[in-house]
Number of protein chains: 2
Amino acid sequence: MKKPAKPGPPGKIKIMTAFSLLMETKDFQSITTAEIAGNAGVTEGLIYKYFTDKKDLLHQVLHQHFAAFQAGIETGIQEKQTCIGKLEAIILASLDSYARNRVLARILLLEVRNSLSYYESGAYAMVKTYARTILDIIREGMETGELRPDMDPFLLQKVILGAIEHTCLKQVIFDKKMDVAAAAGGIVDIIFNGVKHHGCH
Amino acid sequence: MKKPAKPGPPGKIKIMTAFSLLMETKDFQSITTAEIAGNAGVTEGLIYKYFTDKKDLLHQVLHQHFAAFQAGIETGIQEKQTCIGKLEAIILASLDSYARNRVLARILLLEVRNSLSYYESGAYAMVKTYARTILDIIREGMETGELRPDMDPFLLQKVILGAIEHTCLKQVIFDKKMDVAAAAGGIVDIIFNGVKHHGCH
DNA sequence: AACCAAAGGTGAGTAAAACTTACTTACAAA
DNA sequence: TTTGTAAGTAAGTTTTACTCACCTTTGGTT
């Protein structure tokens with residue numbers, strides 16, 4: 001588990017912002033350390049003063065972006081009273097964050113998951129906390145009777161996370177725009193009300 | 001768009017199987033061309049006779065695995081009459097395939113998505129067909145009245161795909177086992193019936 | 001003010017791995 | 001037999017992530 005990446009010395013900041021900028025147009029693999037250093041206005045060697053790895057740099061940049069992401073989520077659900085309201089808020093806020101911050105989305109959904117070291121990084125720890133928040137809300141909802149008590153909360157958590165991520169995927173990969181509000185509303189409707197058509201009302 | 005990878009000459013087959021075997025224990029990045037060639041019993045140069053890239057090799061191996069995957073799906077839904085039944089079958093078969101074939105799952109869910117070339121590969125074309133199958137079933141269900149007509153079929157498609165993928169993710173990454181039948185049943189229940197608790201029945 | 005340790009930063013160098021290229025061998029058709 | 005093509009080899013080359021020994025600046029202590 002790496003350290004949470006404090007703001008740090010100017011060189012480190014320059015490296016991280018340069019890398020983050022490059023990630024807007026290129027994928028991780030095709031960004032070279034020389035390119036990063038060049039754009040940051042530092043030498044290649046400095047990268048390895050602050051980051052153990054090229055991947056560590058990726059993880060720390062993700063950590064930074066995700067911190068803002070999670071802050072946005074938490075303020076979004078504070079005012080909501082019902083569990084369903086909270087989950088709606090999380091889904092909307094998540095989609096919105098991914099849509100607004102393509103770099104965050106690209107790193108998180110496409111770039112980090114393949115390497116084992118990510119799962120030992122501080123960034124992943126934050127993601128786990130985020131996922132845990134959703135799980136806790138679900139459990140609470142099942143206890144209060146807002147949500148059906150006869151289901152696996154883990155599974156609902158996965159369905160929600162999967163729905164959020166897969167909804168963004170195409171937009172992230174092909175750089176398209178998306179109607180965040182409509183998507184969020186649709187997902188909420190599908191998951192909460194179900195898609196089976198029946199006369200019951 | 002690369003060619004669909006015919007069986008091909010012995011050297012090509014040896015390379016693909018050696019690589020596929022290596023993918024069971026290591027991630028793409030840490031597998032070297034020397035290692036592949038060594039395990040295949042050929043020279044490194046031969047890889048580049050049949051594959052433009054190391055990534056092209058990855059894509060062609062994925063293509064091969066996915067062909068079997070899709071064949072399994074199609075036979076699984078043939079007998080089903082209702083759209084819901086078909087979707088259930090697809091969800092179950094998908095989870096089952098991923099659980100049975102870790103290499104397929106790892107490549108598809110973790111390794112290929114970061115590179116642009118994947119989206120021009122034959123493997124991705126197959127994935128699109130698979131996704132399209134789901135979409136078609138949804139549309140049919142909305143027309144026949146099995147599924148609610150007041151929703152975005154694309155969104156339901158994404159929710160289903162996301163649910164399937166995210167359910168497998170942890171198991172694939174950390175090599176855990178999962179109760180496929182239970183997971184499939186749970187997902188189906190959540191998506192079709194919804195998770196909101198209400199007295200209506 | 002003088003000092004010094006530590007942090008910030010440099011630049012040349014290394015090793016490894018992906019990819020190239022010029023070449024050889026098998027082999028079927030004309 | 002000749003010939004043309006596909007299969008395969010072996011020895012490079014280049015790129016790129018990473019290292020290491022060395023400067024430079026800074027700030028706290030005596």
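Below, each value reflects all heavy atoms present in this structure, side chains not excepted, and no hydrogens, waters or symmetry copies. Chain naming here is simple, since letters A, B, ... match the order of the sequence lines and numbering starts at 1 in each.
When rounded to the nearest whole Å, the span between CZ of A:Phe51 and P of D:dC18 equals 13 Å. Going from atom NZ of A:Lys14 over to atom C1' of C:dT10 covers 12 Å, rounded to whole Å. As a whole-Å value, the separation of B:Ile47 CD1 from C:dC19 P is 10 Å. Protein atom OH of A:Tyr50 is 18 Å distant from nucleotide atom P of D:dC18, rounded to whole Å. The interatomic distance linking B:Ile15 (CD1) with D:dA7 (C1') rounds to 11 Å, in whole Å. Atom NZ of A:Lys12 is separated from atom P of C:dG8 by 9 Å (rounded to the nearest Å). As rounded to whole Å, 16 Å separates atom P of C:dA17 from atom CG of B:Leu57.
Here the options are B:Gln157, B:Glu165, B:Lys158, the test is side chain to side chain donor-acceptor pair (under 3.5 Å), and the partner is A:His166; only B:Glu165 passes.
Within residues 17-26 of chain A, no residue has a heavy atom under 4.0 Å from DNA chain C. A heavy atom closer than 4.0 Å to some atom of DNA chain C occurs in A:Val42, A:Thr43, A:Gly45, A:Leu46, these being the qualifying members of residues 29-46 of chain A.
If you take OH on B:Tyr124 and NE2 on B:His63, they are separated by 15.0 Å, rounding to the nearest 0.5 Å. We find the CD-CE distance between B:Gln171 and B:Met178 to be 5.0 Å, quoted to the nearest 0.5 Å. Between A:Asp179 atom CG and A:Lys177 atom NZ the span is 12.0 Å, to the nearest 0.5 Å.
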For the pair B:Glu35 and B:Lys26, evaluate salt bridge (Lys or Arg N to Asp or Glu O under 4.0 Å) and give the outcome as yes or no after the intermediate values.
CA-CA 11 Å; B:Glu35 213 176 350; B:Lys26 308 178 73 172; 2.8 Å; yes
Checking B:Leu21 against B:Asn39 for the side-chain contact (heavy atoms from CB on, under 4.5 Å) test, could you report, in this order, the C-alpha distance in whole Å, the side-chain angles of both residues, the deciding distance, and whether it holds?
CA-CA 9 Å; B:Leu21 225 70; B:Asn39 280 38; 5.9 Å; no
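Between C:dA18, D:dG8, D:dC18, one nucleotide has an atom nearer to the side chain of B:Tyr48 than all others, and that is C:dA18.
Applying the 3.5 Å distance criterion, the base of C:dG8 shares no donor-acceptor pair with the side chain of A:Lys49.
Judged by the 6.0 Å distance and 45° axis criteria, A:Arg139 is positioned over the aromatic ring of A:Phe154. For B:Lys54 and B:Phe28, the positive end sits near the middle of the six-membered ring, less than 6.0 Å away and at most 45° from its axis.
Judged by distance alone, the side chains of B:Ser30 and B:Asp27 do bring a donor and an acceptor atom under 3.5 Å apart.
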